[in-house]
Number of protein chains: 2
Amino acid sequence: MKETIQIHFPNFNSQLIEDIEKNATIKFFKAGEVLMRSGQYIKNTVLITSGKVKIYREDEEGGEFFMYYLQPGQACAVSMICATKQETSTIMAKVVEDAELIMIPLSLMEKWMATNRTWYEFVIETYRNRFEEVLTVIDNIAFKAMDQRLEFYLKQHKEARNCNDVKLSHQEIASELNTSREVISRLLKKMEQRGLVLLHRSHITVLF
Amino acid sequence: MKETIQIHFPNFNSQLIEDIEKNATIKFFKAGEVLMRSGQYIKNTVLITSGKVKIYREDEEGGEFFMYYLQPGQACAVSMICATKQETSTIMAKVVEDAELIMIPLSLMEKWMATNRTWYEFVIETYRNRFEEVLTVIDNIAFKAMDQRLEFYLKQHKEARNCNDVKLSHQEIASELNTSREVISRLLKKMEQRGLVLLHRSHITVLF
DNA sequence: TACCCTCTGTGATATAAGTCACCGTAACTT
DNA sequence: AAGTTACGGTGACTTATATCACAGAGGGTA
């Protein structure tokens, strides 16, 4: 476990790694599992050591709006934020690639903020990055039309998975952008005509 | 100055208040002045002791999308976030009611995080609240149509100014929601017919 | 092979929102 | 009082997006 943490969180000092080993628990999730739901109480701060997690905002009618990916070496900012106040989650986190997660009880997360500099810096850095990320999300939905949002979405997925083949159906993409399948199908068709993508069944090759 | 700080930031301990008095500078801004632009370097963390500040996200074509208000007793989260990394601002802050601001050099802001518990808690709390706030913004633009967004917008303004009379022209509202004046005029007309508002020139009475 | 289910394509139509043109009026200026 | 400007109202039109209906193709399974 020590090596895994060192590799993904190289800035953690040895004291912190020791504390994590002693107190945190490891959990494994399969692709497709939901890690956290809106409205659930949060009992742990989550660090990711392998796999991929997608973070969504949900609405009352069950819409699932995609915001960003979490990668190995990162942490769920919302789990830190809510932890501080024993509050319920306002987001939904779904594992999309088998994942190994380190679960840190919130009392310790709080304690380490005061006692361990490397943890403190990691938490602050996490806040910063996620704040910037959600501001980028706002830019996209506030200022851009669906065709540009779709391009951005495909780029995000290509980069997060490190692979030009985005394995998603039009329906899935539509849900994550909160629009309808037909709209996505038509926009993708246009992108194909412009030479930006190749369309296959449940699978898009990104050429940009 | 000591009293002003105590009133608006009751959780700051005396050591912190003393440090602020010694090291921070006070600045006054008139309504309409821009406090911070996208792309500008941030040299201070900003605390508000009087007046109102509005925070916007800007796009390349000069669009100004309204996100939230800052009130006395609050701080600009983005100024804290950027401060940490000597980065440029990604938001625009406009004073809309004559304001008194405490400017804290970023080196001190950083130092106090480690040395003063009451400051640390205030900063974390600020991150938390603003993060929640931008997530609410995302909900609105991702899931709601313009009529609901307009209602929410009017409610925000009513509450922030503590006054049922929102003194804004249709054009100003349209810009802040990134739409056009005609759309706002028509939606407001419908709201008036439903008895939700009274329309005057450059001024709307909110009845809900 | 026959069947089934999911995925995709597409036409027709509906609705929300954006754009253009123009006008009347309130408020301000001098 | 006359001129000027910002503000708001509205009709006509365009465009983007949403919805409905249906058909054909791909891939799995009995």
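All values reported here derive from a predicted model rather than from experimental measurement. In what follows, chains are A, B, ... by sequence order, proteins preceding strands, each numbered from 1.
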Residue pairs passing the side chain to side chain donor-acceptor pair (under 3.5 Å) test with at least one member in residues 191-208 of chain B, sequence neighbours excluded, are B:E151-B:R194, B:D165-B:H203, B:D165-B:T205, B:K189-B:E192, B:H200-B:T205
Check residues 91-104 of chain A and write down every donor-acceptor pair under 3.5 Å in which the side-chain atom is one partner and the other belongs to a residue at least two apart or another chain.
residue: A:K94; atom: NZ; partner: A:E64; partner atom: OE1; Å: 3.4
residue: A:E97; atom: OE1; partner: A:R161; partner atom: NE; Å: 3.2
residue: A:D98; atom: OD1; partner: A:A31; partner atom: N; Å: 2.8
residue: A:D98; atom: OD2; partner: A:K30; partner atom: NZ; Å: 3.4
residue: A:E100; atom: OE1; partner: A:T49; partner atom: OG1; Å: 2.6

Sorted by chain and residue number, the salt bridge (Lys or Arg N to Asp or Glu O under 4.0 Å) partners of B:K52 (sequence neighbours excluded) come out as none
Residue pairs meeting salt bridge (Lys or Arg N to Asp or Glu O under 4.0 Å), one or both in residues 172-181 of chain B, sequence neighbours left out, come to B:K54-B:E176
Across all chains, not counting sequence neighbours, the side-chain hydrogen bond (donor to acceptor under 3.5 Å, both in side chains) partners of A:H8 are none
Residues in residues 139-151 of chain A with a heavy atom under 4.0 Å of DNA chain C, by number, are none
| message | If we ignore hydrogens and angles and just use 3.5 Å, is the side chain of B:W119 paired with the main-chain N or O of B:M109 as donor and acceptor? | response | yes
The salt bridge (Lys or Arg N to Asp or Glu O under 4.0 Å) partners of B:E33 (sequence neighbours excluded) come to none
By side-chain hydrogen bond (donor to acceptor under 3.5 Å, both in side chains), A:D19 pairs with (sequence neighbours left out) A:Q15
Residue pairs passing the ring-ring contact (aromatic ring centres under 6.0 Å, His included) test with at least one member in residues 156-196 of chain B, sequence neighbours excluded, are B:F66-B:H157, B:Y69-B:H157, B:Y153-B:H157
Under a 4.0 Å heavy-atom criterion, the protein footprint on nucleotides 3-13 of chain C, written with B, S and -, is ---BBBBBBB-
DNA chain D: first to last nucleotide in contact with chain A (atom under 4.0 angstrom from a heavy atom), 5' to 3', is D:dT17 to D:dG27
So salt bridge (Lys or Arg N to Asp or Glu O under 4.0 Å) across residues 133-144 of chain A, not counting sequence neighbours, yields A:R130-A:E133, A:D139-B:R57
